[in-house]
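Reading through the structure tokens given below for one structure.
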Amino acid sequence: MSIITLTTDYGLKDHFVGALKGKIASQLPNATVIDISHEVDPFNVAQASYLIESAYASFPKGTVHLIGVDAEMNSENQHIALQWNGHYFIAADNGILSILTQKIIPEKIYAINIHDRLHLEATDMDVLITVATHLSKGGLLNVIGKEIVALKEITQLQPSVENNTIIKGCVIYIDHFGNVVTNITKKMFLEMGQERPYEIFFNAKSNLKKKKNPIKTIYPKYSEIVNNDDYSSSTYDGIRVAIFNEANYLELGIYRSNPRSLGSASSLFGLTYRDTVEIIFK
Amino acid sequence: MSIITLTTDYGLKDHFVGALKGKIASQLPNATVIDISHEVDPFNVAQASYLIESAYASFPKGTVHLIGVDAEMNSENQHIALQWNGHYFIAADNGILSILTQKIIPEKIYAINIHDRLHLEATDMDVLITVATHLSKGGLLNVIGKEIVALKEITQLQPSVENNTIIKGCVIYIDHFGNVVTNITKKMFLEMGQERPYEIFFNAKSNLKKKKNPIKTIYPKYSEIVNNDDYSSSTYDGIRVAIFNEANYLELGIYRSNPRSLGSASSLFGLTYRDTVEIIFK
Amino acid sequence: MSIITLTTDYGLKDHFVGALKGKIASQLPNATVIDISHEVDPFNVAQASYLIESAYASFPKGTVHLIGVDAEMNSENQHIALQWNGHYFIAADNGILSILTQKIIPEKIYAINIHDRLHLEATDMDVLITVATHLSKGGLLNVIGKEIVALKEITQLQPSVENNTIIKGCVIYIDHFGNVVTNITKKMFLEMGQERPYEIFFNAKSNLKKKKNPIKTIYPKYSEIVNNDDYSSSTYDGIRVAIFNEANYLELGIYRSNPRSLGSASSLFGLTYRDTVEIIFK
């Protein structure tokens, strides 16, 4: 019996997450359920997709990832189960999995069709839960749906490229520490950069427009800033850093900043969700 | 061994919930513990009661619901274990279970009397935990307490009815999405309404007083708004809706609103905890 | 297989805690993982230390406490595993365990040295997770590190004592209810006080400086305020109280206050992290 992960926009204040786990336990008494996040901004499919993409690889093969963000089935969004590299992803076809499949090629995609087999009062989440427990028990995809070849196409914000010298991306996530995650990937940076020098501009205090005050180094991880040097680590507290994070996205941060006192990258850089970040190669 | 659920006002910042789970695990190593909520407003028994009422039916029979809100035993509040329909509820007799028993008729109520059997330093929660693990293991109620016939009477805010035309209720809960839950039940609405047309008034911008700007339809669920129609779902983003929620209470919301950007029902309707909501039948 | 507890500053919004649990489950499929807190202020080792000290005794012997606060290994902070009274504590040597060992004498301290045995991309947390699952399975400390005799010395804020009449402490934690926890312990109070009368001063509205408006009684617990008396408990709502909390630290609170409406001890007393609290004996 494999792990079921949960990613929702339900928040933790209400009874919704508890009730969801109660329903899973009712169907599968010894289920192992692990929360990825319940603090996705309501209906924000891009955020949900970023979180699930960043998290899934930490789980063992066979894990079933249940995503309850904008999960209502309607004439536009059917319910989907997708298999990839031993993981299962269950969600509405609302863009969450489409963004993911721009990076991975799913082995199998099924449109879930068990809705009329459940009791009359069954909610959308009841359907997804039933599929999740079925797969967690080792059940087959073709029992719960009909194989399809593609997800609904989503015009998703992807970084644009100009003259082989500029990557123009945007902020897709701001984490708990106030670090700013962009949609610029390490792969894109390496392929286009070809080891040329570069500068990163972003829109705090019109630095983006005036091309002022860039960051010029992307570190492999936060701790490298210190290890490369013989200063005390506290010397670096509060400096601006760029790294490729564990999910291989360009992330802008403040070294060892406490967002509640010093301020976070997001507040200090003046960046918010969807703002532009540019890398210019020389 | 059955599930133990937790509903408290402890919050998730401190070590309290972790310590509670550590104590349960010390008594019952393989306990399955599921959080319902730890974000109940401090000492708010009405909220705790609403959450537990909304959640319990999602859990399998045999589940033990431990409620740590205003749980100190004192001369006014004794500790109670209540059995109903295969579920157990453990709390102080402070109103949480009294509100619940206005809707359900408990099969058995026990006043817990094991306090002097525990070690001297035992806290109120140690007592409730000991009862919870005892019941989770299949232990009998009469081992941990003395059967009583009734809970302490609570004068609880119930909707009032005027001339068979008005139901006057109030806000009992505001959820993570900013939806406003009232104490008006579907049962009450159906029995009194007898399929007459109706209008729902509430006190944003003096609409209640001036009887302006009512909501005139209660949908069975949020997604029905879209399914009844051939417009795109996004047409409806931001419109006001009334539904009977899964716990069968009248809920006022904003369709697909993000409380952090567009504003929530609570903020847009100008409603807060205990504010009046009226249904007037014609 | 013993419990693994988690204490981090990761927050619950991001995927980090879920990914951490996924990695633990990958190494130890049936691990029992219990969260102590993920809301430690970023990099605040004093808070992390207070939480772990307050929580660990609620867990059974054999429990492995994994602390992911300021956990990066660098030239100043090595990774440590410490054994005490049947519990294991795993963290970077950044002060969290040093504060703890001012109260307990560890049986064994190991500097973790498995870093070069892990894959190249392994993060600091991967190292700590590997040690945690090893110990949870009953593995030996000497397999994962080299025994050392002492932790790095930390000059930690300890209360100072003047003329055998004043204990001058400070605020180390503010909890979810807004109660203010100081670093003054019950032991210190009893040893120095020798049952003399006392007054507690703190810095709201210059009461500390002007020595005005002290609290004169420390209760053994919040409920004692009511039990000692024949008034209704609601008489006491909102009064100022001092107690020794379950971790035996002096805590200042407001009886049954809701920080969201009435205000918390922290806001009403005008106290924040690191502010001074004095006990003066007569």
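Below, read A as the first sequence line, B as the second, and so on, with proteins coming before strands; counting in each chain starts at 1.
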Query raised in the report: Is the number of heavy atoms from other residues, nucleotides or ligands under 6.0 Å of Q83(A) CD greater than 12?
Result: yes
Query raised in the report: With a 4.5 angstrom heavy-atom cut-off, which part of D175(A) approaches chain C: side chain, backbone, both or neither?
Result: both
Query raised in the report: With only heavy atoms counted, which part of L51(A) is less than 4.5 Å from chain C, the side chain, the backbone, both or neither?
Result: both
**Report entry** Contact origin within I52(A) toward chain C - heavy atom pairs under 4.5 Å
**Finding:** neither
Query raised in the report: Side chain, backbone, both or neither: which part of I3(A) has a non-hydrogen atom closer than 4.5 Å to chain C?
Result: side chain
Query raised in the report: Is the number of heavy atoms from other residues, nucleotides or ligands under 6.0 Å of K152(C) NZ greater than 12?
Result: yes
Query - Segment of Q47(A) engaging chain C (4.5 angstrom heavy-atom cut-off) - result: neither
Query raised in the report: Side chain, backbone, both or neither: which part of Y173(A) has a heavy atom under 4.5 Å from chain C?
Result: side chain
Requested in this report: Tell me, for S54(A) versus chain C, whether the close heavy atoms (under 4.5 Å) come from the side chain, the backbone, both or neither.
Outcome: both
Report task. Keeping the roles fixed (side chain from H38(A), backbone from L12(C)), state whether a donor-acceptor pair exists under 3.5 Å. Result -> no
**Report entry** Partner residues of A92(C) under the side chain to side chain contact (heavy atoms under 4.5 Å, CB included) criterion, sequence neighbours left out
**Finding:** N77(C), H79(C), N94(C)
**Report entry** Spacing of K13(C) atom NZ and D41(A) atom CG [to the nearest 0.5 Å]
**Finding:** 7.0 Å
Report task. Enumerate by number any residue of residues 14-31 of chain A whose heavy atoms lie under 4.5 Å from heavy atoms of chain C; in the absence of such residues, state 'none'. Result -> none
